Amino acid sequence: MIEACDVLVIGGGATGGGTALDLALRGLRVALVERRDLTDGTSGRYHGLLHSGGRYSVRDPESARECIEENRLLRRIVPHAIEDTGGFFIVTPDDDPSYADRWVVASRECDIEVEEITVAQALKEEPALNPLIARAFRVPDAACDSFDVLSALAAAIEGLGGTVLTYHEVVGLAADGDRVTGARVRDARTGEEQPIAARMVVNAAGPWAGQIAAMAGCPVIVRPSKGTMVAMAYRFVNTIINRCHPPGDGDILVPVGTVAVIGTTSVSVPDPNENGVEAWEIQRMLDEGEKMVPGFSQVRALRAWAGVRPLYEEGASVEGREAKRTFAALDHAERDGVAGLVTVVGGKFTTYRLMAERTADIVCANLGVAAPCRTREFVLPDVRVPLSPPQLHWPGHRLEDVEESRQRDPLICECELVTQSQLEEAARQHIDVTAPWVLDDLRRDLRLGMGPCQGGFCNVRAAGILHARGHISAAQATLDIQDFAERRWKGQRPLLWGQGLRQALLDEHIYRSVLGLDRLEPAQNMSDVSVLG
Ligand SMILES: Cc1cc2nc3c(=O)[nH]c(=O)nc-3n(C[C@H](O)[C@H](O)[C@H](O)COP(=O)(O)OP(=O)(O)OC[C@H]3O[C@@H](n4cnc5c(N)ncnc54)[C@H](O)[C@@H]3O)c2cc1C
């Protein structure tokens with residue numbers, strides 16, 4: 001039986017997590033429900049850029065202003081999730097040179113600090129850049145780890161007495177006449193359904209927000225826009241690189257941990273679950289990457305994945321790059337005559353806190369709560385597994401740590417240098433080990449399986465350790481290994497050439513010939529994989 005709460009928030013992405021925290025800080029009893037793990041939606045599939053706003057300053061200045069203001073705020077309230085890489089906007093030989101001056105004026109009007117630097121200076125800082133660039137500008141972009149942000153939000157919500165329920169899917173809303181009074185949730189582990197009563201419900205289901213609103217009979221037309229990204233096996237740059245031109249495909253390169261991620265495309269899709277990667281998207285990323293970093297396409301591509309943007313403009317029907325990146329918080333009492341329900345949709349990861357504030361304001365107005373928003377000052381807790389990253393990522397830092405503790409702490413994942421003690425610590429502290437797909441959850445905490453071998457070696461080792469330590473049964477270990485292998489394979493499949501192809505064949509050999517994984521009987525459902533101990 002799940003306890004009744006003041007506000008039930010649906011969706012464990014940045015927007016839902018941010019909204020639940022805002023409401024908890026105003027003294028309300030909140031419950032956050034997510035059908036899978038936190039960040040399983042767009043927030044865990046995004047490009048990782050804490051926008052300065054420069055990308056939007058010419059076409060969408062409202063979004064640009066929101067981004068720069070929140071960029072400054074997030075650096076204060078969640079510093080441990082942000083790597084202050086800085087960003088460059090560069091004019092390559094393929095870009096219209098007249099755009100740069102317009103862009104500088106527009107960006108400064110949006111209060112974005114833009115500093116022109118010489119090409120020689122840009123190349124000194126980032127020697128891999130195309131030497132033929134005509135101009136370079138410095139902006140306050142940064143890299144932001146969404147897994148760390150959501151872990152911090154969840155810890156803060158729970159610290160304030162709120163509830164965070166992962167692997168609970170909302171399958172229907174409860175109503176009393178024209179008032180939403182809660183939801184029915186299904187536990188993914190047991191299939192059991194139960195009600196959660198709430199005085200208000202917030203729909204923060206991102207690209208799926210239209211489906212939740214429809215459960216209350218409210219029409220919310222979200223325009224899902226798929227974007228594909230490719231992680232290259234090398235951190236070419238330490239600065240975020242943007243092309244100085246109107247937003248297009250494959251024109252941003254973000255250093256993320258040991259790799260660099262290029263993105264994205266923008267393809268309107270009819271269904272938010274449509275996140276398959278197509279061959280032309282990969283080719284486009286490699287071709288565009290060459291324009292920023294010569295030789296880019298010759299480097300090994302590690303994996304490709306796509307996220308789906310929850311684009312929304314009230315009353316408008318624009319799609320893809322034409323759509324604004326601002327957001328809407330919809331009070332369905334005013335809009336549709338359905339009380340007790342608020343939908344928040346659109347926006348950017350960078351603006352999640354602002355979206356949460358506006359949404360919480362509406363909820364509080366409905367509940368007669370006068371407490372003000374506190375998220376501008378509230379510093380989020382740092383709950384990461386200790387991986388001791390420095391302020392600026394240096395690919396060798398984990399190796400240095402491992403060398404210091406050599407002999408005592410075996411490596412589980414050689415690519416990302418994850419040790420056994422880190423794995424065990426994550427399993428003890430951060431993971432709901434009763435959840436299905438625990439290895440994929442561990443990946444988000446540790447980067448387990450995210451390097452060149454894509455889980456080929458660490459998958460089985462990690463499952464073995466979790467089983468030996470009594471966290472998971474043998475049946476669940478089998479299911480987890482299969483699930484993790486399939487997920488890693490999904491990202492490798494579009495990139496089957498060169499070293500990546502060799503790796504995929506080796507992984508397949510290990511899984512099929514050595515382990516016979518395809519011949520093992522998988523558990524029938526999650527109730528067969530009850531947790532030991
Ligand atoms: C390719 C791409 C690149 C991007 N890059 C950037 C970037 O670099 N910087 C930036 O600031 N923004 C970026 N964005 C935008 C940003 O990622 C999104 O705007 C943001 O993550 C949306 O967060 P959200 O919480 O609203 O949605 P989501 O993160 O999708 O969260 C919604 C959650 O609701 C859950 N859910 C759905 N239905 C149910 C249900 N029935 N019951 C329970 N839970 C449910 C889902 O599982 C999901 O976890 C990018 C987007 C894309 C697609």
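All heavy atoms count here, side chains included; hydrogens, waters and symmetry mates do not. Read the numbers this way: they start at 1 and go in the same order the structure lists the ligands and their atoms. Only a predicted model underlies this, so the values are computations on that prediction, with no experimental measurement involved.
The distance criterion of under 3.5 Å between nitrogen or oxygen atoms is met by T42 with respect to ligand 1. Checking only distances, H47 does come within under 3.5 Å of ligand 1, N or O to N or O. For the pair L49 and ligand 1, the shortest N or O to N or O distance falls below 3.5 Å. Considering backbone and side-chain N/O atoms, R45 never comes within less than 3.5 Å of an N/O atom of ligand 1. For the pair R309 and ligand 1, the shortest N or O to N or O distance does not fall below 3.5 Å. Residue G347 has at least one N or O atom closer than 3.5 Å to an N or O atom of ligand 1. Considering backbone and side-chain atoms alike, E34 places an N or O below 3.5 Å from some N or O of ligand 1. In terms of polar-atom proximity, defined here as any N/O pair under 3.5 Å, G346 makes no such contact with ligand 1. For F349, a nitrogen or oxygen atom sits less than 3.5 Å from a nitrogen or oxygen atom of ligand 1, counting backbone and side chain alike. Annotation: G227 places no N or O atom under 3.5 Å from an N or O atom of ligand 1; distance criterion only.
Scanning all protein heavy atoms for the shortest distance to atom 7 (C) of ligand 1 gives Y46 CD1, 3.4 Å. When hydrogens are left out, the protein atom nearest atom 24 (P) of ligand 1 is T15 OG1, 3.3 Å; that is the closest non-hydrogen contact. Atom 34 (O) of ligand 1 has its closest protein heavy atom at G11 CA, 3.3 Å. The protein atom (non-hydrogen) at minimum distance from atom 27 (O) of ligand 1 is G206 CA, 3.5 Å. Protein heavy atom nearest atom 14 (N) of ligand 1, with residue, atom name and distance: K348 NZ, 3.8 Å. Of the protein's non-hydrogen atoms, the one nearest atom 44 (N) of ligand 1 is R35 N, 3.2 Å.
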_Set out, in order, the CA-CA distance, both residues' side-chain angles and the distance that settles salt bridge (Lys or Arg N to Asp or Glu O under 4.0 Å) for E3 and R29, then state yes or no._
CA-CA 10 Å; E3 274 184 31; R29 270 175 311 135; 5.2 Å; no
*asked:* Before you tell me yes or no, could you show the steps for R358 and E66 under salt bridge (Lys or Arg N to Asp or Glu O under 4.0 Å), namely the whole-Å CA-CA distance, both residues' side-chain angles and the distance that decides it to 0.1 Å?
replied: CA-CA 13 Å; R358 296 271 165 80; E66 289 171 356; 5.0 Å; no
*Can you list the steps and then say if R335 with D331 is a salt bridge (Lys or Arg N to Asp or Glu O under 4.0 Å)?*
CA-CA 6 Å; R335 183 179 178 269; D331 183 346; over 6 Å; no
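In terms of modelled atom types and a separation under 3.5 Å, the side chain of E288 and the main chain of G250 share no donor-acceptor contact. A donor-acceptor pair under 3.5 Å links the side-chain atoms of E126 to the main chain of T239, judged by distance alone. Here the side chain of Q211 pairs no donor or acceptor atom with the backbone of W208 at under 3.5 angstrom. Between the E416 side chain and the L446 main chain, no donor and acceptor come within less than 3.5 Å of each other. N203 places no side-chain N or O within donor-acceptor distance of the main-chain N or O of V344, the cut-off being under 3.5 Å. A donor-acceptor pair is defined here as one N or O able to donate and one able to accept, closer than 3.5 Å; no such pair exists between the side chain of D287 and the backbone of R284.
Of the listed residues (I212, V170, V171, T19), the one carrying the non-hydrogen atom nearest atom 42 (N) of ligand 1 is V170. Of the options F327, W208, Y352, the smallest heavy-atom separation from atom 38 (N) of ligand 1 is shown by W208. Of the candidates G172, S43, G13, the one placing a heavy atom closest to atom 22 (C) of ligand 1 is S43.
Remark: the S151 side chain and the D148 side chain contain no N/O donor-acceptor pair separated by less than 3.5 Å. A donor-acceptor pair shorter than 3.5 Å cannot be found between the side chains of N275 and W305. Side chain to side chain, D249 and T265 fail the donor-acceptor criterion of an N or O pair below 3.5 Å. A donor atom on one side chain and an acceptor atom on the other are not found under 3.5 Å apart for R325 and T350.
Using a 4.0 Å cut-off between heavy atoms, A204 contacts ligand 1 through its backbone alone, with no side-chain atom that close. Residue-level proximity to ligand 1 for H51 is carried by the side chain, the only part with a heavy atom below 4.0 angstrom. When heavy-atom distances to ligand 1 are checked against a 4.0 Å cut-off, V308 comes that close only through its backbone atoms N, CA, C and O. With a heavy-atom cut-off of 4.0 Å, M229 touches ligand 1 through its side chain alone.
More than 12 heavy atoms of other shown residues, nucleotides or ligands fall within 6.0 angstrom of atom CD in E169. Summarising the local packing, CG of L160 is surrounded by more than 12 heavy atoms from other residues, nucleotides or ligands at distances under 6.0 Å.
Distances shorter than 4.0 angstrom do not occur between any heavy atom of G263 and any atom of ligand 1.
Listed here is the closest heavy atom pair of R487 and R303: O-NH2, 3.3 Å.
Those atoms of ligand 1 that come under 4.0 Å of a heavy atom in T350, given as number and element, are 10 (C), 11 (O). Those atoms of ligand 1 with a heavy atom of G307 less than 4.0 angstrom away are 53 (C). Which parts of ligand 1 touch P207 is read off a 4.0 Å heavy-atom cut-off, strictly below it: atoms 30 (O). Close approach of ligand 1 to G48 is summarised as follows: ligand atoms under 4.0 Å from at least one heavy atom of the residue are 8 (O). Within the listing of ligand 1, atoms 43 (C) sit less than 4.0 angstrom from a heavy atom of H168. For ligand 1, the atoms sitting less than 4.0 Å from at least one non-hydrogen atom of G41 are 29 (O), 30 (O), 48 (C), 49 (O), numbered in the order shown with element in parentheses.
To the nearest 0.5 Å, atom CD1 of residue I196 and atom CZ of residue R184 are 10.5 Å apart.
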